[in-house]
Amino acid sequence: MTRSFARVAVPRPVEDVFHYRIPDHLLGRIAPGHIVTAPFGKGTINGVVMEVLEKVPLKVRSILSVSPVLPVEDKLLELTRWTSSYYQSPLGLIVRMCVPPPVRSQSSKFRLTEKGRSALNEDTAGPFGDLLAALKRGARTAAHLEKKFSSDEFERCLGEGLIEVSDSSPSGPAAVEAGLKEPQYKKDEDTVHTLTLDQKRVLDSIEKSIDDGNFSVALLQGVTGSGKTEIYLRAAQKVLNMGQSVLLLVPEISLTPLLTFRLERIAQDGVAVMHSALTAAQKRSSWEDVREGRARLVVGVRSGVFVPIPDLGLIIVDEEHDASFRQEETPSYHARDVAVKRGQIQGIPVILGSATPSMESYRNSEVGKYRRLELPKRVTPYPAPKIEIVNMADPEVTRTENPFLSDRLMSVLKETVDGGSQAMLFLNRRGFSPFILCPDCNYTLPCPNCAVTLTYHRKRGMLCHYCGHLQPPPEACPNCQGIRMSPVGTGTQRLESAIASALPEAVIERLDRDIIVKKGALQDIYTRMDRSEIQVLVGTQIIAKGHDFPNVTLVGILNAEQALDFPDFRSSERTYQLITQVSGRAGRGTKKGRAIVQSYFPGHYSVSLALDGDYRDFYEAEASIRSSLGYPPFGRMGRVIVEGAKEETVQKACMDIARRHSATKGIRILGPSSAPLPRILNRHRWHLLLLASDHSTLSKALRSTREKSYKSVRVHVRVDPYHLM
């Protein structure tokens with residue numbers, strides 16, 4: 001029997017795939033992985049064929065066209081199925097990331113056939129006359145035609161042979177844009193670095209895995225400045241020399257300029273960069289370069305794990321601990337763990353690198369799932385900077401005129417700048433102040449859409465970082481009409497202003513989300529930092545990750561334990577990682593570095609253990625707590641979020657879910673309760689956590705949650721959640 005039906009995954013937040021008939025003229029031309037255009041509702045949609053079938057037990061509509069773009073390969077389809085199943089995310093939204101960006105939104109074009117043109121000229125088009133007339137002057141996209149005609153009309157016209165799909169492929173030379181080349185840095189990256197004994201030992205182990213050509217996972221744990229990137233480069237070089245390709249994942253777009261420049265020294269074919277900040281032409285060019293083998297070294301952020309790469313031979317995940325690899329919104333997945341699964345499916349080695357590994361990866365190395373390779377020493381002349389704690393809770397600690405800055409940090413900062421070195425100051429809070437306060441009635445200005453206060457930005461006004469609501473600061477208190485409302489607390493803008501006032505001769509710059517949205521700002525700051533044209537760089541988490549500026553000798557961290565304020569079992573882990581990672585930006589050249597950490601909780605183990613920099617001590621302290629509670633990585637966790645317009649309805653649904661799972665064998669429930677962020681975009685939120693000893697038990701419980709629908713609310717499930725807000 002002819003296989004004349006197809007199961008198609010469409011890019012919509014729906015659980016099911018959709019069945020379609022393969023029309024006679026497309027029989028034999030459609031197989032799993034092909035990208036097709038099909039009717040969907042009153043319009044059309046591009047989807048990916050997951051399976052072809054001989055028959056289906058229902059009446060279905062027909063596929064309209066098949067794209068000439070290369071189909072998604074079988075191993076990537078297997079990866080998307082696993083990702084969808086494991087994280088319980090819509091398959092269509094997962095598989096969509098394997099499709100070239102121009103095709104994701106491209107609409108098929110229809111044109112008249114000779115039969116259609118004759119019918120139109122002879123006035124025998126009947127009920128299809130208007131559609132044929134719309135195509136008289138040439139091919140038109142489905143998106144254009146859908147404004148007047150239904151997909152049923154396209155389908156019937158195709159069946160009558162009156163119209164056909166115009167095979168216009170999005171492939172071809174991409175438009176050349178000015179200014180696409182990354183800035184040039186002064187470092188001599190052509191220099192051959194002599195490996196330390198530790199580096200050579202690690203590289204030998206990794207190269208053996210590459211030679212074996214089998215799946216394996218190496219956790220490369222190296223202190224900051226230990227030369228992990230050099231290991232990546234040499235491992236990648238070996239794979240490229242073997243005629244294969246390499247995928248390198250990084251947690252932030254901000255890491256790509258410097259890293260790409262370093263990688264270009266080993267990739268004669270060039271480096272393909274994949275991230276959301278690229279223009280449409282850049283994305284198209286990168287995808288084509290990779291698919292056609294012109295670029296065999298691919299650098300990407302989270303979604304890059306799904307990029308089709310011919311002859312993939314190695315996957316590297318840098319800063320594997322970083323929470324940016326976890327996508328909480330739909331489609332939900334963790335790029336690090338998907339990368340490991342992709343390595344397993346393709347039978348190739350995977351390297352996970354970090355100075356502060358995630359508890360999950362370190363646990364996997366403890367039980368033998370991963371091979372742990374260590375770089376315990378820096379390759380620079382000096383060891384990791386000694387961390388000095390300033391106890392801001394001590395009333396005897398002297399401060400500058402700005403209470404958020406200690407005299408100690410400011411004096412060392414002045415000394416650093418006067419000595420011709422650079423400094424980086426970290427504060428994980430954007431804006432000028434977290435909120436404005438009326439001292440007469442203690443009123444703070446709330447977001448009208450979310451249960452948070454508005455953040456004060458000096459130039460933009462009052463901004464909600466969750467929904468984007470923006471309004472000017474009030475001239476008087478809306479509550480008591482008092483006129484003394486003023487900013488409270490410190491953000492990066494306020495810190496930048498304070499440092500500029502204290503050091504008027506120094507060049508101060510800020511690097512946070514408000515800055516990098518400006519085109520070219522990120523590259524400009526990197527170039528000027530590299531040339532020592534900036535004396536002090538103030539920033540958020542962006543400055544904590546993977547940057548290597550040899551003239552930076554001082555790192556200051558303000559409010560280091562901010563993460564401890566959040567109701568999240570990973571807060572201690574994030575605090576330890578952040579202090580260690582940010583401090584590691586200092587002393588990476590020929591000068592000795594130092595780090596000063598201002599803390600209100602210096603006695604907390606995540607802060608005190610960071611002083612010694614011994615990750616093993618922290619792991620054991622944290623593991624003792626989590627294992628006793630059954631928290632990851634010693635147990636499995638799922639999160640159920642219920643949201644809706646009426647809190648009473650949301651609460652009732654969430655409590656019903658908890659009640660139904662209360663008797664589920666192997667499941668322990670935490671909650672239900674109002675979510676830490678109880679309202680976002682005027683939708684109330686409740687949640688609960690499900691704990692289990694194994695993934696199978698957890699997965700069944702979450703699937704049963706999704707199968708029951710509730711009126712007027714939405715239920716979201718998250719497997720292995722990383723954020724509990």
Side-chain angles (χ1 to χ4, degrees), residues 1-85 88-100 103-110 113 128 131 141-143 145-146 149-167 169 306 308 331 703 706-707:
M1 185 179 292
T2 304
R3 293 193 172 188
S4 52
F5 297 90
R7 295 174 68 242
V8 180
V10 300
R12 292 292 185 271
V14 293
E15 305 305 324
D16 298 326
V17 294
F18 292 81
H19 291 85
Y20 290 93
R21 178 183 298 278
I22 301 175
D24 291 343
H25 68 283
L26 293 179
L27 285 175
R29 293 177 54 193
I30 291 179
H34 276 104
I35 302 161
V36 296
T37 301
F40 193 80
K42 294 183 178 180
T44 62
I45 199 169
N46 284 354
V48 176
V49 175
M50 302 304 295
E51 185 181 6
V52 291
L53 308 166
E54 293 181 351
K55 58 183 178 179
V56 294
L58 65 164
K59 185 178 180 180
V60 295
R61 303 163 79 179
S62 295
I63 289 172
L64 300 177
S65 68
V66 58
S67 171
V69 172
L70 287 174
V72 180
E73 63 181 28
D74 290 343
K75 290 182 178 179
L76 264 187
L77 288 182
E78 182 181 349
L79 180 67
T80 62
R81 291 189 190 98
W82 177 86
T83 305
S84 174
S85 175
Q88 303 195 24
S89 283
L91 177 60
L93 294 180
I94 296 289
V95 76
R96 178 179 184 267
M97 291 184 281
C98 302
V99 176
V103 183
R104 294 176 192 171
S105 57
Q106 185 181 3
S107 180
S108 294
K109 283 188 175 183
F110 295 98
T113 62
F128 308 121
L131 175 54
T141 65
L145 296 170
E146 283 166 9
F149 309 102
S150 71
S151 56
D152 287 338
E153 291 178 270
F154 300 152
E155 196 172 332
R156 285 185 289 163
C157 277
L158 284 165
E160 294 285 337
L162 300 174
I163 65 174
E164 63 184 358
V165 176
S166 174
D167 272 348
S169 169
F306 294 104
R703 285 192 185 282
R706 294 164 60 219
E707 288 168 358

Just how far is it from atom [atom1] of [X] to atom [atom2] of [Y], taken to the nearest 0.5 Å?
| X | Y | atom1 | atom2 | answer |
| --- | --- | --- | --- | --- |
| Leu79 | Phe306 | CG | CZ | 5.5 Å |
| Ser4 | Ile63 | OG | CD1 | 10.5 Å |
| Phe5 | Ile30 | CZ | CD1 | 12.5 Å |
| Leu70 | His34 | CG | NE2 | 8.5 Å |
| Cys98 | Leu77 | SG | CG | 7.0 Å |
| Leu91 | Met50 | CG | CE | 4.5 Å |

Is there a side-chain contact between [X] and [Y] (heavy atoms, below 4.5 Å)?
| X | Y | result |
| --- | --- | --- |
| Val8 | His19 | no |
| Thr83 | Ser89 | no |
| Ser65 | Val36 | no |
| Pro90 | Val14 | no |
| Val69 | Pro100 | yes |
| Ile22 | Val52 | yes |
| Glu15 | Ser84 | no |

Sub-3.5 Å donor-acceptor pair from the side chain of [X] to the main-chain atoms of [Y], do we have one?
| X | Y | result |
| --- | --- | --- |
| Ser67 | Ile35 | no |
| Tyr20 | Pro39 | yes |
| Thr44 | Ala38 | no |

Do you know the tightest heavy-atom contact between [X] and [Y]?
| X | Y | value |
| --- | --- | --- |
| Pro308 | Leu76 | CA-CD1, 3.5 Å |
| Glu51 | Pro32 | CA-CG, 4.1 Å |
| Asn46 | Pro11 | O-CD, 3.0 Å |

Problem set entry | Set of ring-ring contact (aromatic ring centres under 6.0 Å, His included) partners for Phe18, sequence neighbours left out | Phe40

For this session: Provide the full list of side chain to side chain donor-acceptor pair (under 3.5 Å) pairs with a residue in residues 69-80, sequence neighbours left out, each pair given once.
Result: none

Problem set entry | Audit row: Arg21, Arg61, side-chain contact (heavy atoms from CB on, under 4.5 Å) steps and yes/no | CA-CA 6 Å; Arg21 178 183 298 278; Arg61 303 163 79 179; over 6 Å; no

Exercise. Given Arg7 and Leu53, is the side-chain contact (heavy atoms from CB on, under 4.5 Å) satisfied, shown in steps?
Worked result: CA-CA 8 Å; Arg7 295 174 68 242; Leu53 308 166; 3.6 Å; yes

